[in-house]
Number of protein chains: 2
Amino acid sequence: MGQKNNNKYRKIISAATRVFAKNGFYKAKVSEIAKEAGIADGTIYIYFKHKDDILIALFEEKMKEVLDNMKKQIRLESDPLKKIQRFALLHLKLIEDNKDMAEIIQIELRQSSKFMKNYHNEKFVQYLDLIGDIIQEGKEKGLIRSDIIPGIGKRAFFGALDEMSRFWVLSKRHKYDIETVAKHISNYFINGIKS
Amino acid sequence: MGQKNNNKYRKIISAATRVFAKNGFYKAKVSEIAKEAGIADGTIYIYFKHKDDILIALFEEKMKEVLDNMKKQIRLESDPLKKIQRFALLHLKLIEDNKDMAEIIQIELRQSSKFMKNYHNEKFVQYLDLIGDIIQEGKEKGLIRSDIIPGIGKRAFFGALDEMSRFWVLSKRHKYDIETVAKHISNYFINGIKS
DNA sequence: ATCATATGAATAATCATTCATTTATTTAGC
DNA sequence: GCTAAATAAATGAATGATTATTCATATGAT
């Protein structure tokens with residue numbers, strides 16, 4: 001049954017990613033997810049108790065993956081300012097490489113804090129904190145101004161990246177390539193906060 | 001009938017703002033909007049053809065208001081860098097003063113480009129362009145580096161503000177006051193892009 | 001009296017969820 | 001290694017709940 005490494009469980013998550021990305025959570029029909037996964041409607045209810053649970057499970061999975069990946073990459077850099085650059089590039093690359101996931105994070109993450117009342121998105125908080133920690137480290141090394149508040153800085157930087165992601169996801173043609181955007185965004189931010 | 005200055009039309013928009021803000025568009029019931037507005041369910045259909053149309057009308061109204069207000073305020077400042085500061089402060093004040101509207105713009109605007117397929121949010125584009133124009137002006141006056149791309153800069157800045165807005169809207173207690181946040185965000189950005 | 005507005009109960013469509021039934025897989029006896 | 005219970009998974013048509021929308025009727029204004 002509901003084993004996470006189970007074949008059908010995976011198929012449902014994968015299908016739901018595509019279906020949710022297409023029209024958002026509310027417009028997505030369970031029967032459409034089933035069809036996309038190539039299984040019967042009822043089968044979904046062997047693996048998930050409610051439609052909502054599919055979305056929550058999907059988040060957890062994707063965010064864990066993103067978070068682990070980002071942590072690993074950040075560790076490869078020792079200079080905090082370089083870490084910020086790498087964060088930007090990796091974040092945007094992730095969006096580019098996984099459009100469906102990006103749409104979910106873009107569209108659904110926004111609603112999530114509303115409709116998943118009690119669901120506190122721990123993984124997202126950790127993701128933001130990765131940035132906060134880099135800023136803190138930079139301050140301690142004297143590379144970043146001492147008056148910078150990590151709690152504000154991390155949101156400013158994430159917000160900037162995130163807005164570019166939305167633009168990327170919603171655009172048909174891409175005016176700027178990922179590398180250019182990442183370079184610019186991280187440069188504004190680094191110049192803005194460095195000592 | 002559907003006159004925009006009509007009393008009931010206004011009441012519906014106002015009620016819908018509150019109801020949509022509470023649980024998002026999809027969870028909001030038309031009957032609840034009617035109840036909140038103190039009118040009968042059917043009356044709503046005299047003024048709006050579909051539930052969706054209420055949301056669209058609501059956007060247009062609020063965004064027009066925000067846009068006009070912002071334009072007026074920006075004109076009071078002549079220094080482009082000061083304009084950026086003022087933009088940040090005003091944007092965040094707006095969120096603070098109008099939490100329901102902010103939640104709608106935060107939560108629903110995100111979905112909008114998905115669920116209102118053909119609805120191109122012109123007012124939002126104009127809002128972003130206000131920032132782009134300030135950056136352009138700053139470049140021309142030699143106050144902003146010539147390699148800054150307004151199309152990226154405007155999104156980075158808006159994204160930063162917007163992420164802080166979301167944080168503000170979703171937080172019970174507010175760790176930082178609006179003025180502090182506005183000052184920090186605009187400082188990061190101004191330092192990041194100035195000559 | 002006529003026309004415009006407003007009402008809210010009734011309608012109808014939409015989907016999430018269930019469950020009686022079928023199909024597949026495992027276990028145990030020989 | 002084979003067969004037959006026994007158990008687990010999967011099916012999809014039927015159910016039931018929810019709600020957007022309609023419309024026959026009522027109310028109020030001119």
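Lettering of chains follows the sequences in order, A, B, ..., and the numbering in each one begins at 1. Given the structure is predicted, the values throughout are model-derived calculations rather than measurements.
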Atom-pair distance ([atom1] on [X]; [atom2] on [N]), nearest Å:
X     : N      : atom1 : atom2 : result
B:K51 : C:dA13 : NZ    : P     : 19 Å
B:Y9  : C:dT5  : OH    : C1'   : 18 Å
B:I33 : D:dT21 : CD1   : C1'   : 13 Å
A:D41 : D:dA14 : CG    : P     : 13 Å
A:F25 : C:dC15 : CZ    : P     : 13 Å
A:I46 : C:dT23 : CD1   : P     : 15 Å
A:K11 : D:dA9  : NZ    : C1'   : 13 Å
B:Y26 : C:dA16 : OH    : C1'   : 16 Å

* Asked: So what does A:I39 hit on the nucleic acid, given a heavy-atom distance under 4.0 Å: a base, only sugar-phosphate, or nothing?
  -> sugar-phosphate
* A:Y9-A:F48 aromatic ring centre distance below 6.0 Å ->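 Between A:F48 and A:Y9, which both carry aromatic rings, the centre distance is below 6.0 Å.
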* Under 6.0 Å between the ring centres of A:F189 and A:H184? -> no
Go through [options] for me and flag the one nearest to the [X] side chain.
X     : options               : value
B:Y47 : D:dA9, D:dT11, C:dA6  : C:dA6
B:Y45 : C:dA16, D:dA20, C:dT5 : D:dA20
B:V30 : C:dT7, C:dA16, D:dA20 : D:dA20
A:T43 : C:dT7, C:dT17, D:dT11 : D:dT11

* With DNA chain C as reference, determine whether A:K29 or A:G42 sits nearer its 5' end, using the nearest nucleotide of each. => A:K29
* Looking at A:K11 and A:E36, does any basic side-chain N land under 4.0 Å from a carboxylate oxygen? ->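 A salt bridge is absent here (no side-chain N lies under 4.0 Å from a carboxylate O).
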* Below 4.0 angstrom, N of the basic side chain to O of the carboxylate: do A:D68 and A:K64 qualify? -> yes
* B:S165 side chain vs B:L161 backbone, donor-acceptor pair below 3.5 Å -> yes
* D:dT21 phosphate, OP1 or OP2: any side-chain N/O from B:H50 under 4.0 angstrom? ->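 For B:H50, the contact criterion (side-chain N or O under 4.0 Å from OP1 or OP2 of D:dT21) is met.
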